[in-house]
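See below for the structure under consideration.
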Amino acid sequence: MRTTKIERVRGVNDVLPDTCTADRQIQSKLQTCFESFGYRPIDVPLIEYTELYLKKSGEDIAERLFDFVYRNRRLCLRPELTASVVRAYVDHLQGNPLPVRLFYCGSAFRYERPQKGRYRQFTQMGIEMVGTGGAIADAEVIALACQGLDRLDLSSYRVAIGHIGVLTKFLDSLQLETRLSSFLLGNMEILRKDGKAEVERRLKDIYPDFGVENVQETTEAKTLTNVLQNMAETEARTAILELLDSMNIQLVSTREPAEIVDRLLVKMKRQDQTSRLTQALEFMHQLSQLVGEPAATIQEAKKLLSSYEIEHSGLEQLQSIINTLEHYHIDRQKIVVDFGLSRGLQYYTGMVFEVYHGNFGDERQLCGGGRYDNLVSGFGGRQETPATGFSYGIERLRLALEAEGKLPKSEQLVEVLVVPVTEEDAGYAIAIAETLRSQSLRVELDVRDKGVSSNFQYANKQNIPFAIIVGEKERLAAEVVLRDMNSREEQRLPIGEVAAQIQQMRGQNAN
C-alpha cells in the first residue's frame, strides 16, 4: 500500500549527523568560554504564556509568534530565551547574591520568511548577567561575545556598539505618546536602511493625522491652543465649556457637549504630536548617520545632542564602556560606534551591540544584545534590577565558520567494530564489546549477521579504524583477532590486552 510522503514543515530543518556534530562542538567551545567567566547553565521551557513576550517586546512581535490558545490559555513557542531566563530569575533566583551569571542554549521559534541563516526554528546560545549596572558589566558582556568567536577561531568579524538611551532621552523630552515612542524605537534601523519616507508611510498606518496639513491658524488661535495643551485634561475641558457658555454658544449635535469637547482635545493633542513626530524623525535621521571609529563618532554625537539641548549622559556611559574594553585587548579595528543601532526591541535601556561577519555590504549578524534594566521589575521582580546580556545564533556561527573554511570536522565516533563469525559467537562478541566500552572505547557490534568480508566493507565505508573478529576458536581460548583496517594487519590477542593494543596502534597511525 502506497502512502503520501509527509514533507518537512517549511522553515525548519533536519540537523543531520555531521552538522549536528559540528554544532555540538561549537556549543562545547562556547560553554567552556562562558564557564571561564563564571556563568552557570540554565534551561527554560519551550512553551510560555504569550503575555511574557508581549510585555517584553510589545504587540509588534505578536505576528511573528507561534501563538495558540489551549484550554483557554494563550500560549506560544518561545521566540527567544532572554524573557524566559528573566522570568526564571524572578521565580527562583531573586534571593541569590548578585550578580547572577547565567548561560543557556536551546531552540527558539519565529514565524518569518525563511532564507539562508534565518529559519523559523533556530538555536540560540547566550548569557545574561542580572543584578549589576555600569560600564564594567557591559564591557564584560561585549568582550565575552568576542572571546567566544575567538575560541571558534573566527576572525572576520566586527562589533557595532550603540546606546539606545541617547534616542529614548530625546523622545522622552518630546513627551510623545508611549505607542508613538515605541514605534519610532522599533523603526530606527528601517529609517536608516529605507529612508525617512518609508518610516513616515508606516507611521500614517498607526497615526493617520501625521502629515495632514492644517489651515494656518491666527495668532490668537495658536495662543489659545497652546494654553489649552499645557493644561491638565480636566482643566482644559472645563475651560472650553466655560468659554462657550460665556459666549452663549450652544453645541447642537446628536452627541453630548462633553463628548464634543473631548474629541476637540484629542484632535488638538494629535496636532501637537504631529509636530513633535516631525522633529523626532529629523533627529533620528541625523543620529542614524553617526557610524564609525569610536572617538570621532562620539564627538560628532556630542555636537548633535548639544544642538538639541540634550544632556550627554548616554555618551559618557558609552565612552566608559569603550575605555573598559581596552583592557580586554580586543582589536580596535573590529569596533565601531553606531548610533543608528536600536535592535528593534522596546526593552533595551542603554548599551546595545551586534557582531557581524563577512565583508561590508554582505555581512551576516552573528550575535546581539544589550542592557535591559527594566525587565526584571516589569516581570514582577521585588525591586529594580539592572541586567545585560547577549545571544549567538548557532546556525549563523556555523555558516560563518564554513565560509572561513573552519567548520569543525566530524569526530571519529566508532573506533572498533566487533564481528561475531556465527550466531553462536554473538554472546561472546557482546561481552567483548561491553568490556571495551567500559575501557572508554566507542564500539559498534555487528547485528546484521552479514559475514566477515561484508563487515570489513562496512567498516571501510564508515571509516572505522579497527575490527575485532570472534569465532569459535577465539571464544574457547578467551582471545580475539584484532584487524587494523588501514594496514589490513591482524593479530591474535588475549581479551585483557586488546584495549592497550588499540591505543598503541592509534598512536602509531597518528604518527
Side-chain angles (χ1 to χ4, degrees), residues 11 50-51 53-67 76 79-80 83 109-115 117-118 120 160 162-214 266-291 301 304 308 310 338-349 352-354 356 361 363-365 368 370 372 374:
T50 303
E51 181 187 5
Y53 300 101
L54 300 184
K55 183 178 288 190
K56 171 178 178 281
S57 302
E59 288 288 342
D60 290 345
I61 200 174
E63 63 184 19
R64 292 183 289 154
L65 295 177
F66 283 89
D67 181 25
C76 71
E80 48 87 37
F109 304 82
R110 292 181 195 166
Y111 192 81
E112 297 182 306
R113 184 169 63 86
Q115 53 187 294
R118 186 185 294 273
R120 290 175 177 167
H163 198 293
I164 198 66
V166 174
L167 177 56
T168 56
K169 189 169 290 293
F170 177 71
L171 296 179
D172 289 344
S173 72
L174 294 179
Q175 296 183 325
L176 288 169
E177 295 176 15
T178 301
R179 68 188 181 99
L180 296 178
S181 292
S182 297
F183 171 85
L184 293 175
L185 286 169
N187 282 267
M188 181 65 166
E189 293 181 35
I190 296 295
L191 183 143
R192 179 164 61 182
K193 185 174 70 172
D194 299 329
K196 192 159 56 171
E198 173 60 19
V199 177
E200 290 174 342
R201 185 191 67 77
R202 293 180 174 212
L203 186 56
K204 289 176 183 177
D205 290 339
I206 68 164
Y207 194 75
D209 286 348
F210 179 76
V212 177
E213 295 186 3
N214 299 305
V266 169
K267 186 173 182 180
M268 290 169 59
K269 185 176 180 181
R270 281 186 171 178
Q271 290 172 350
D272 185 48
Q273 294 281 302
T274 296
S275 64
R276 294 175 183 181
L277 283 169
T278 301
Q279 187 179 5
L281 285 172
E282 179 56 33
F283 175 77
M284 289 171 62
H285 174 69
Q286 295 177 56
L287 188 66
S288 69
Q289 304 306 304
L290 300 181
V291 184
L304 177 62
Y308 281 87
I310 305 172
D338 184 352
F339 286 103
L341 190 64
S342 72
R343 296 197 39 76
L345 297 172
Q346 299 174 18
Y347 62 87
Y348 287 115
T349 58
V352 289
F353 78 102
E354 292 179 348
Y356 301 91
E363 294 178 303
R364 178 176 287 110
Q365 184 186 327
Y372 51 94
N374 299 331

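Figure legend: cation-pi geometry between R120 and Y111, with NZ or CZ positioned under 6.0 Å from the six-membered ring centre and within 45° of its axis.
Separating the CG atom in L277 from the CD atom in E282 is a distance of 13.5 Å, to the nearest 0.5 Å. Rounded to the nearest 0.5 Å, atoms CG (L191) and CG (L184) are 9.0 Å apart. With values rounded to the nearest 0.5 angstrom, E363 atom CD is found 10.5 Å from E354 atom CD. Expressed to the nearest 0.5 Å, how far CD of Q175 lies from OG of S181 amounts to 10.5 Å. One distance of note links CG of L341 with OH of Y348; it measures 9.0 Å at 0.5 Å rounding. Rounding to the nearest 0.5 angstrom, the gap separating the CG atom in L171 from the CG atom in L180 is 10.0 Å.
The minimum heavy-atom distance linking L304 with L290 is given by the pair CD2-CD1, 4.0 Å. Shown here for R64 and E112, the closest heavy-atom pair between the two residues is NH1-OE2, 3.5 Å. The two atoms that bring P114 and G11 nearest to each other are CG-CA, 3.7 Å, heavy atoms only.
The closest donor-acceptor contact from the side chain of R276 to the backbone of L176 lies at 3.5 Å or more, if one exists at all.
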Point to revise | Y308 vs Q279, side-chain hydrogen bond (donor to acceptor under 3.5 Å, both in side chains): CA-CA, chis, key distance, verdict | key: CA-CA 10 Å; Y308 281 87; Q279 187 179 5; over 6 Å; no
Check your understanding: M284 and F339: side-chain contact (heavy atoms from CB on, under 4.5 Å), yes or no, with the steps?
Key -> CA-CA 9 Å; M284 289 171 62; F339 286 103; over 6 Å; no
Point to revise | Residue pair I164, S342: steps toward the side-chain contact (heavy atoms from CB on, under 4.5 Å) verdict | key: CA-CA 6 Å; I164 198 66; S342 72; 3.6 Å; yes
Practice item. Take F183 and V199 through the side-chain contact (heavy atoms from CB on, under 4.5 Å) test and state the conclusion after the steps. Key: CA-CA 9 Å; F183 171 85; V199 177; 4.0 Å; yes
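Partners of K193 by side-chain hydrogen bond (donor to acceptor under 3.5 Å, both in side chains), not counting sequence neighbours: none found.
Ion pairing between R201 and E198 holds under the 4.0 Å rule for side-chain N and carboxylate O. Under 4.0 Å is where a charged nitrogen must lie from a carboxylate oxygen, and between D194 and R202 no such pair does.
Defined by atom type and a distance below 3.5 Å, a donor-acceptor pair is missing between the side-chain atoms of E80 and Y53. Remark: the T349 side chain and the N374 side chain contain no N/O donor-acceptor pair separated by less than 3.5 Å.
The environment of NZ in K169 is sparse: at most 12 heavy-atom neighbours from other residues, nucleotides or ligands sit within 6.0 Å.
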